[in-house]
Amino acid sequence: MEGIEHRMVKVNGINIHIAEKGEGPVILFLHGFPELWYSWRHQILALSSTGYRAVAPDLRGYGDSDAPDSVESYTCFHVIGDLVELINVVDPDEGKVFVVGHDWGAILGWYLCMFRPDKVKALVNLSVPFLRFHPEIKPVGFWKSYYGSDHYISRFQECGEIEGEFAEIGVERVLKGYLSDFPVLLPKGKLFKRPLDEENTLPCWLSEEEANYYVTKFQKTGFTGPLNFYRNLNRNWELLKPWVGSKIKTPAKFIMGDKDLVYGVPGMKDYIHNGGFQEDVPSLQQVVVMEGVGHFINMEKPDEINQYIYDFFTQFH
């Protein structure tokens, strides 16, 4: 990871760790679960070599950033508060940046454009489209009603419970399990579907050394901070009521793999391809579904993703 600089920045009352490289217009990269700035390593190196300044934080609760204790400190407003201040720090002159998000980072990208469109020049989101708010159905209840109580979002809700189960099987197994094949269901006592003595086979796009970077960081921090994002899904739903029906007007491009667990969610394909997504994001310029590609699309297909990002942002100079 040659030439990538690391520093701590004080924003919104906490310390956030950022990795950055390059000179030029800022691209802010927002990671997902259970990840780190490091998930953007290929994008940082590629985009910084084409005239951009790539900046990738560890979100609050992750990696070398601070992890506030209370669950309530992880609502969408806390995290977007961090990002707005971070944008002002890394781009003090204009206070407006390009944004790329994946998974939870994509959700935050949509929120950032919804709350503070003045801060975002254009957006490339991966894996998670804009999710329309249902005024009556709380999200955790929705997932549970469809997938049952073993669904990962249901299993993440009880503070300490899944952390205890993760501790039993060990950080290494948890992370390699996630990065290999993000599990939709987490049945008690049968996490990651394979016996404990069986080796985890990493996908071809992730080396042992790369996987160990995540393992080392999560061994220090644990999973509570990252899990607290999920523990605020219902709270966010309540807080976001004023934005029901709100449209995203920022120029956007969306990319996902057809093997992504998100693509298989009930109603998702219809929403993405039959007008709903375009209605909610009127300035959505392109949707790309990559064949045979899974959830961690920016690591699995870095060259293609780098090119998509570059081609899209070039038109806004």
Taking the six-membered ring for Trp, are [X] and [Y] closer than 6.0 Å centroid to centroid?
| X | Y | result |
| --- | --- | --- |
| Phe277 | Trp110 | yes |
| Tyr230 | Tyr74 | no |
| His6 | His17 | yes |
| Tyr214 | Phe218 | no |
| Tyr52 | His317 | yes |

Does a donor on one side chain sit under 3.5 Å from an acceptor on the other, for [X] and [Y]?
| X | Y | answer |
| --- | --- | --- |
| Asp311 | Gln307 | yes |
| Tyr147 | Ser154 | no |
| Lys253 | Gln285 | no |
| His295 | Asp103 | yes |
| Ser127 | Asp260 | yes |

If the plane angle is over 60° it's perpendicular, under 30° parallel, otherwise tilted; pick one for [X] and [Y].
| X | Y | value |
| --- | --- | --- |
| Phe312 | Phe316 | perpendicular |
| Tyr62 | Phe33 | perpendicular |
| Phe296 | Phe182 | tilted |

task = Taking ring-ring contact (aromatic ring centres under 6.0 Å, His included) as the test, write out the residues that go with Tyr111, two or more places apart.
result =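 In terms of ring-ring contact (aromatic ring centres under 6.0 Å, His included), with neighbours along the sequence ignored, Tyr111 is linked to Phe115.
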
Salt bridge between [X] and [Y], side-chain N to carboxylate O under 4.0 Å?
| X | Y | answer |
| --- | --- | --- |
| Glu158 | Arg231 | no |
| Asp64 | Lys220 | no |
| Glu208 | Lys176 | yes |
| Lys119 | Glu94 | no |

query = When Arg53 is tested against each of Glu23, Glu5, Glu20 for salt bridge (charged side-chain N to carboxylate O under 4.0 Å, His left out), which residue passes?
reply =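 Checked Glu23, Glu5, Glu20 against Arg53; only one passes salt bridge (charged side-chain N to carboxylate O under 4.0 Å, His left out): Glu20.
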
task = Would you sort out whether Glu300 and Lys259 count as a salt bridge (Lys or Arg N to Asp or Glu O under 4.0 Å), showing the intermediate values?
result = CA-CA 12 Å; Glu300 194 174 335; Lys259 299 277 186 281; over 6 Å; no

ask   = Is the Lys NZ or Arg CZ of Lys241 less than 6.0 Å from the centre of Trp243's six-membered ring, within 45° of the axis?
value =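 So Lys241 doesn't make the cation-pi contact.
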
request  = Evaluate side chain to side chain contact (heavy atoms under 4.5 Å, CB included) for Arg155 paired with Glu165, printing each intermediate quantity in order.
outcome  = CA-CA 11 Å; Arg155 297 277 278 116; Glu165 292 177 48; 2.5 Å; yes

Report all side-chain donor-acceptor pairs from residues 263-273 shorter than 3.5 Å, counting only partners two or more places apart or in another chain.
unit_1, atom_1, unit_2, atom_2, d
Tyr263, OH, His273, NE2, 2.7
Lys269, NZ, Tyr263, O, 3.3
Asp270, OD1, Asn274, ND2, 2.6
Tyr271, OH, Phe130, O, 3.2
Tyr271, OH, Asp280, OD2, 2.7

ask   = Where do Ile80 and Leu108 come nearest, in terms of heavy atoms and distance?
value =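 Distance-wise, the nearest heavy atoms are CD1-O, 3.4 Å.
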
